[in-house]
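Heads up, the thing below is written out as structure tokens.
Computed from a prediction, not measured in an experiment: that's the story for all the values here. Order of the sequence lines sets the chain letters (A, B, ...), proteins ahead of strands, with each chain counted from 1.
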2 protein chains.
Amino acid sequence: MISHLETPIPIHAQPVLCETELVAVLVSISNNTPHILTLDQGSAFPSGPLMVEHRSLQKGMRNWVEQQTGLKLGHTEQLYTFADPLHGRGHQMVRISYMAFIRQNSEHTLAERSIYDYFPWEDRRDRASDPLLHIIAERLRHWADNNSNRWQRCATVFGLDNHAWNDELSLQRYELLWEAGLVPESTWQNAPVLPGLSMHRDYRRILATALSRMRAKIRYTPAVFDLLPRQFTLLQLQQAMEALAGRAMHKQNFRRLVQQQKLVSRTAEYDSPTQGRPAQLYQFAPETAEHCYLAGAKLPLPAIS
Amino acid sequence: MISHLETPIPIHAQPVLCETELVAVLVSISNNTPHILTLDQGSAFPSGPLMVEHRSLQKGMRNWVEQQTGLKLGHTEQLYTFADPLHGRGHQMVRISYMAFIRQNSEHTLAERSIYDYFPWEDRRDRASDPLLHIIAERLRHWADNNSNRWQRCATVFGLDNHAWNDELSLQRYELLWEAGLVPESTWQNAPVLPGLSMHRDYRRILATALSRMRAKIRYTPAVFDLLPRQFTLLQLQQAMEALAGRAMHKQNFRRLVQQQKLVSRTAEYDSPTQGRPAQLYQFAPETAEHCYLAGAKLPLPAIS
DNA sequence: TCATATATACTCATTAAGAGCATATATAGC
DNA sequence: GCTATATATGCTCTTAATGAGTATATATGA
């Protein structure tokens, strides 16, 4: 034991007062694409001050959002806490960000903006984003120049040079583009910047964090079911997974794995399609819900890396 | 779009000032067991106020700890942010907790307490914790009584009834014991409580969060190497993984997988043992380091669930 | 009847993972 | 030299998960 560690570090030496704000990333699915609720022409998330009467942060967030919007929140998860100095005022601003899922519902369309409006390169369900990926690869190669470590990093994060695309790395991809000056938020810009909406403050970074987290979350927990209607077809489930992961999947294998997991049970009802055979409606199996959540049963998605 | 969502939620309506504190969970390995730095007879973590001059929370944490203790921090990660009302003062206390790894070093023994002093049931490397697990199982069965959902949850979280033990569920296990009144921190206690040190405030809950996170982290990133000396034997590496995961592993398979991953490279040096053949010293392969971190290359641990 | 879309049953190859057996190899101590 | 000890390595097996493909019912609207 080194001696100076035995001196307790002073607690509350000089308490610095902070303004504390809760930031909510509210996610739902519409048009087979993940959407978020935004304010200010898509450049901000709803946010509000932390109230004294909030007993816990999570409860505070839920109450506040439900009160303001009337929306019921599903799976809720703390993302990250950021701090900015408030210049000249001698105190700081702390922002605690949360992500919450909202069930798809015909009565409202919460969704204002597609997440992929902000990160067009993250939607790789079809080949439409390939040209953009090629542009990014070229611009990154130029930025990396002859720095091989830097290029190594680009290649792994963006799945170039024989590397597989890993959908959970969306935050790292955004950070890399930021460093390379390819997004308008970069302190120095390597104009022209890439397509994709930007946001105020570090909100787009928070959104990239949310995208990473939701992609990881749906793989290991049944959180997707908080985005789908109570009853859904297997195709809807697959499309929701594909929408979030930004990747297409093999239908037969998807069903094999879904039914192995016993996460869903069929109902007596059927979909009413415009054409073709009506699809059976399923529901999230309530009896195994908690069980699977905790055991880390994973939903089928192509294995990463 | 439902109409009232178009009204922006007021920002900064009534800023509530908070005291903000950084809490550090400093982890290192000694005696083949993960240890943490604690204060106040093991009942608190080092913590200190957030300073105005800290540009980012993570940097603020690093500077503050390094200044106070002289320790270099390795892998650092934000854990969770908690809030408590400060009664009668009209404002709140926000605590932002971080976990950081500290390299094993002969010059200091940072470690004051074994993590398993707080969670004796989490160390399942040998059969020594089996009797305790049996006691827990009985007490939980009594608590669950005839509530089958409740028992279902107990069984999956604690690996009872044909369920596999999942080392990453340490937080859920602690929360379950809390609910069942089997830890002294519970608001209602189901005395006698289980063995294991407790801590002030929700610090023991933060520690359970840290344990979950580090177990997940070492599986998917090379963060363990920030706990080991620069040069280490393969047995040391395996023992470090076992110490953190709380599980024993198969030596041959461990080595097969480690060498497949190409995460380590041999040095020219050897260990000097008291007995037996000297072991070759390895180092974390610097050239593939970043690569593997980002690709999510995983270190071998028995598959969960 | 045909187009369309759901639903299901298979096969096949590859890989990872868990477990075990055997056998070198290098040191200290007797 | 011999033995105990611990490192280091090679090999076989089995099982399960994964990715991909082929084929074929089945139920609707037009």
Is the distance from OP1 or OP2 of D:dA8 to the nearest side-chain N or O of B:R255 less than 4.0 Å? yes
Just by modelled atom types, is the B:I218 backbone N or O under 3.5 Å from a matching donor or acceptor in the B:T221 side chain? no
Options D:dT7, C:dA19, C:dA7, nucleotide nearest the side-chain atoms of A:Q280: C:dA7
When the distance from NE2 of B:H250 to P of C:dG20 is rounded to whole Å, what number comes out? 6 Å
Rounded to the Å, how far apart are A:R219 CZ and D:dT18 P? 11 Å
Hey, what are the protein-to-nucleotides 14-16 of chain D N/O distances that come in under 3.5 Å?
none

What's the CG-P distance between A:L235 and C:dA5, to the nearest Å? 10 Å
Mark yes or no for whether A:R103, through its side chain, and A:L228, through its backbone, hold a donor-acceptor pair below 3.5 Å. yes
I'd like to know if the side chain of A:Q283 and the backbone of A:T267 have a donor-acceptor N/O pair within less than 3.5 Å. no
So do A:H35 and A:S114 actually touch side chain to side chain, heavy atoms under 4.5 Å? yes
B:H75 and ring-ring contact (aromatic ring centres under 6.0 Å, His included): which partner among B:F225, B:F284, B:F101? B:F101
Do the charged groups of B:R219 and B:D167 touch, with an N to O distance under 4.0 Å? yes
Rounded to whole Å, CG of A:N253 lies from P of C:dA13 at a distance of 16 Å
Under 4.0 Å: is that the gap between some side-chain N or O of A:K251 and OP1 or OP2 of D:dG21? no
When rounded to whole Å, the CZ to C1' distance for the pair B:F254 and D:dT7 reads 15 Å
Nearest atoms (heavy-atom pairs only) where A:Y116 meets A:L244: OH-O, 3.3 Å
C:dT6 OP1/OP2 closer than 4.0 Å to side-chain N/O of A:R266: no
To the nearest Å, give me how far apart CD (B:Q252) and P (C:dA19) are. 12 Å
For nucleotides 28-30 of chain D, list the nitrogen or oxygen atoms of the protein found under 3.5 Å from its nitrogen or oxygen atoms, one pair per line.
none

B:L132 backbone acceptor or donor facing B:S129 side chain under 3.5 Å: no
Which whole-number value in Å describes the distance from B:R256 CZ to D:dT7 P? 20 Å
Is the NZ or CZ atom of A:R124 both under 6.0 Å from the centre of the six-membered ring of A:W165 and within 45° of that ring's axis? yes
Using whole Å, report how far CG of A:L237 lies from P of C:dA7. 12 Å
